[in-house]
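For reference, the structure discussed in these notes is given below.
Just so it is clear, the values below take in all heavy atoms, side chains as well, and ignore hydrogens, waters and symmetry mates.
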2 protein chains.
Amino acid sequence: MVVFAGQGDARRSLSLLWRAEVAAPPRVGPGPRPRLSVDAIVAAAVAIADEEGMAALSMRAVGERLGRTAMALYTHVPGKSELLDLMYDAVHAELPSVYPESEPDDWRAPLTAWAGEVLEFYVRHPWVLQVSQARPVLGPHEYANLDTLVRLLGATGLPARTVRRLVGTLFPLVQGSARTVADARRAARATGSSDEEWWAARAAALTELVPDFAERFPAVVRLEREGAPDPYPEDAEREDLPYPEREARETFRVGLGVLLDGIDAARAGQGPATDTGRP
Amino acid sequence: MVVFAGQGDARRSLSLLWRAEVAAPPRVGPGPRPRLSVDAIVAAAVAIADEEGMAALSMRAVGERLGRTAMALYTHVPGKSELLDLMYDAVHAELPSVYPESEPDDWRAPLTAWAGEVLEFYVRHPWVLQVSQARPVLGPHEYANLDTLVRLLGATGLPARTVRRLVGTLFPLVQGSARTVADARRAARATGSSDEEWWAARAAALTELVPDFAERFPAVVRLEREGAPDPYPEDAEREDLPYPEREARETFRVGLGVLLDGIDAARAGQGPATDTGRP
DNA sequence: CGAAGTTACTTTACGGCGTAAGGAGTCGCA
DNA sequence: TGCGACTCCTTACGCCGTAAAGTAACTTCG
């Protein structure tokens with residue numbers, strides 16, 4: 001009728017994402033009372049993805065969990081990819097937005113806390129790392145988290161251009177670590193022995209098929225021999241964790257520390273590496 | 001018959017991955033001459049993934065491209081996931097292993113070159129970033145690339161433990177940037193205007209549905225206003241590239257630079273952030 | 001030289017997936 | 001009271017990975 005023609009798709013997705021913000025008419029009109037809701041669908045889908053992984057997430061599975069058929073979902077949600085967007089944004093609501101500074105002008109502690117919080121978040125919901133971000137989701141809770149990070153990075157005093165680029169650096173770092181931690185945790189859950197068997201079979205076959213491995217990849221072999229040892233005293237608090245996960249978390253700590261050191265260097269010099277205008 | 005019972009799976013996968021190394025009997029025996037080969041199958045699969053993306057990669061599609069049926073592949077390859085492993089390792093053969101130093105003891109230039117090379121590699125084969133690494137592939141070319149990185153990092157003089165952790169930091173960084181560059185490039189290919197339309201519809205719907213966006217996410221809004229401008233003189237060489245890709249590449253450069261600055265700091269101090277043993 | 005055995009590939013089929021199309025039942029309102 | 005809007009269900013289509021069984025090509029052995 002009026003001018004809105006054609007853009008229905010973007011509007012539909014976005015109004016679902018921001019549905020809490022839009023004043024919800026308190027349900028009138030004809031038709032049977034709905035026994036399903038967007039929130040219930042999203043919650044069921046998230047539960048499946050959390051418990052059984054992304055591969056087990058199907059429209060039929062979500063419907064079954066709610067005691068409905070798969071097709072019933074399509075009344076409330078345009079399709080699976082939009083449902084994924086909704087799941088993605090919904091879980092991001094778990095992330096806090098306030099990170100106290102331990103002392104005035106302390107940007108490092110809040111940033112570290114933010115990264116740690118996001119790491120735990122990804123480990124709780126590893127499927128989030130598999131949601132394609134080819135086109136951004138643009139939901140409220142993702143924006144809130146982004147806003148938080150930008151605010152914390154702003155405290156470094158670095159120019160907006162640099163902040164923008166550090167955002168694009170911090171996210172992959174945390175995500176990469178989260179993937180490793182999540183994998184370590186999954187491997188630890190897998191019957192314990194069966195996973196070791198897998199590795200044993202793999203290693204045996206490798207040494208048999210590639211007897212000259214050590215000569216061909218000396219650096220890797222040396223690293224595996226020298227790089228792995230002694231859990232650090234600091235991790236005593238975490239002694240409950242299995243070794244691979246401790247390793248992964250330590251990698252995260254070190255990587256983040258190095259990056260923050262680099263930010264510090266950029267701050268001090270106002271940026272040999274960040275300001276690209278040569279003198 | 002003999003002792004090898006049970007472990008056939010790992011052996012099968014690994015001997016396929018390392019098949020070039022294993023002395024190939026020059027084909028004798030009965031039966032029709034094979035018109036298909038592992039290499040041909042892997043090449044066809046890689047071509048499909050490169051050209052049409054991971055979603056278009058199906059056993060039927062690979063078979064069709066080779067003028068065979070899908071089931072014909074199963075004579076040469078155990079299944080789709082093993083084929084993915086083979087594709088993954090095959091393309092890694094493109095990565096060089098020698099990165100010259102510009103001057104003696106220069107670890108920074110080779111590392112930067114390595115990261116750049118790997119970035120271009122991921123941009124050429126973005127589907128590689130979608131191959132699940134829950135269990136490592138353990139192929140020869142992946143090992144070669146890993147060995148190269150470890151060697152280059154070894155030149156920093158940092159202890160093996162730290163090197164090990166930096167490996168786990170550098171890969172996600174490059175992969176994250178590669179994802180962004182690849183997305184930017186794909187967006188640029190998509191008819192040009194249609195992608196802008198998508199954004200326009202999105203933005204219009206957003207401002208309509210969330211009129212108080214600027215008040216709720218002030219940091220994000222400020223960043224978008226201030227962080228985006230002026231392409232740098234250094235990028236003149238790249239003036240051919242569309243703006244989003246230039247942005248993504250600049251993010252990569254800056255992020256990597258900051259991380260290398262952090263490594264430099266760790267080297268200088270032998271590590272406030274990397275050596276975790278408190279004094 | 002022919003039968004037997006091995007191998008490469010095809011055909012058919014099964015149970016999954018996302019979702020289009022159409023039908024059945026429930027409710028508010030004219 | 002009945003119309004129209006609405007929720008949910010049934011059925012069906014064309015994809016997917018791959019198991020099972022059949023066919024034809026080829027070497028080897030009797």
Side-chain angles (χ1 to χ4, degrees), chain A residues 1 8-9 12-13 16 19 24-42 44-45 48-49 52-87 127 130-132, chain B residues 1 8-9 12-13 16 19 24-42 44-45 48-49 52-87 127 130-132:
Chain A
M1 236 277 198
D9 220 19
R12 174 88 194 271
S13 296
L16 276 171
R19 76 205 109 103
R27 163 73 200 165
V28 288
R33 209 134 289 146
R35 302 144 78 198
L36 233 41
S37 71
V38 175
D39 294 272
I41 290 170
V42 171
I48 291 173
E52 307 169 54
M54 195 68 130
L57 183 77
S58 71
M59 299 300 271
R60 284 169 171 86
V62 176
E64 193 173 359
R65 194 179 187 103
L66 295 165
R68 300 278 105 80
T69 66
M71 290 311 290
L73 309 181
Y74 286 87
T75 305
H76 306 268
V77 148
K80 194 188 185 183
S81 87
E82 287 85 353
L83 174 56
L84 275 173
D85 287 352
L86 291 171
M87 294 166 62
W127 53 268
Q130 297 177 49
V131 174
S132 161
Chain B
M1 237 280 191
D9 220 20
R12 174 87 195 271
S13 295
L16 276 171
R19 77 204 108 102
R27 164 74 199 164
V28 287
R33 208 132 291 145
R35 302 144 77 199
L36 234 43
S37 71
V38 175
D39 294 271
I41 290 171
V42 172
I48 291 173
E52 306 169 54
M54 195 67 130
L57 183 78
S58 70
M59 299 301 268
R60 283 169 172 86
V62 176
E64 193 173 0
R65 194 179 186 102
L66 294 164
R68 299 279 106 80
T69 67
M71 289 311 290
L73 309 182
Y74 286 86
T75 306
H76 306 269
V77 147
K80 193 187 185 182
S81 87
E82 287 85 354
L83 175 56
L84 275 173
D85 287 352
L86 291 171
M87 295 167 61
W127 53 269
Q130 297 179 49
V131 175
S132 162

Next on the checklist: How close do Pro78(A) and Leu16(A) get, counting heavy atoms only, and between which atoms?
Outcome noted: CD-CD1, 3.5 Å
Checklist entry - To the nearest 10 degrees, how far apart in direction are the end axes of the helix from dC1(C)-dG30(D) to dA30(C)-dT1(D), each fit to five base pairs? => result 30°
Checklist entry - Where do Met59(B) and Gly79(B) come nearest, in terms of heavy atoms and distance? => result CE-C, 4.3 Å
For nucleotides 22-26 of chain C, give me every protein contact, N/O to N/O, under 3.5 Å, one pair per line with atom names.
from: dT26(C); atom 1: O2; to: Pro32(A); atom 2: N; distance (Å): 3.4

Which pairs would a plain distance check flag for residues 60-75 of chain B, meaning a side-chain donor or acceptor within less than 3.5 Å of a matching protein atom at least two apart in sequence or in another chain?
from: Arg65(B); atom 1: NH2; to: Glu51(B); atom 2: OE1; distance (Å): 3.4
from: Arg65(B); atom 1: NH2; to: Glu51(B); atom 2: OE2; distance (Å): 3.1
from: Thr69(B); atom 1: OG1; to: Ala72(B); atom 2: N; distance (Å): 3.4
from: Thr75(B); atom 1: OG1; to: Ala72(B); atom 2: O; distance (Å): 3.4

Item to check | Protein-nucleotide distance (Met71(A), atom CE; dA12(D), atom C1'), rounded to Å | outcome: 11 Å
Checklist entry - Nearest to the side chain of His76(B), which nucleotide is it out of dC9(C), dT18(D), dG18(C)? => result dC9(C)
Checklist entry - Is there a residue in residues 58-69 of chain A whose heavy atoms reach under 4.0 Å of DNA chain C, and which residues are they? => result Ser58(A), Met59(A), Arg60(A)
Item to check | Met87(B) vs Leu57(B) side-chain heavy atoms within contact, under 4.5 Å | outcome: yes
Checklist entry - Nearest 0.5 Å, what's the CD-CG distance between Glu82(B) and Leu86(B)? => result 8.0 Å
Checklist entry - Roughly, in whole Å, what's the span from CD1 in Ile48(B) to P in dC16(D)? => result 10 Å
Item to check | Nearest-Å distance for atom pair CG/P, residues Leu57(A) and dC17(C) | outcome: 10 Å
Item to check | Selection: residues 78-86 of chain B, any non-hydrogen atom under 4.0 Å of DNA chain D | outcome: Gly79(B), Lys80(B)
Checklist entry - Is there a side-chain contact (heavy atoms from CB on, under 4.5 Å) between Met54(B) and Leu84(B) once you walk through the steps? => result CA-CA 10 Å; Met54(B) 195 67 130; Leu84(B) 275 173; 3.6 Å; yes
Next on the checklist: Please classify the nucleic acid contact of Ala72(B) as base, sugar-phosphate, or nothing, using heavy-atom distances under 4.0 Å.
Outcome noted: base
Next on the checklist: Measure CG/Leu36(A) against C1'/dC9(D) and give the value in whole Å, please.
Outcome noted: 13 Å
Check: residues 34-42 of chain A side-chain donor-acceptor pairs under 3.5 Å, at least two apart:
from: Ser37(A); atom 1: OG; to: Ala40(A); atom 2: N; distance (Å): 3.1
from: Asp39(A); atom 1: OD1; to: Arg19(A); atom 2: NH1; distance (Å): 2.9
from: Asp39(A); atom 1: OD2; to: Arg19(A); atom 2: NH1; distance (Å): 3.4

Checklist entry - How long is the gap from CD1 on Ile48(B) to CH2 on Trp127(B), to the nearest 0.5 Å? => result 11.5 Å
Next on the checklist: Rounded to whole Å, please give me the gap between CG in Leu73(B) and C1' in dT10(C).
Outcome noted: 12 Å
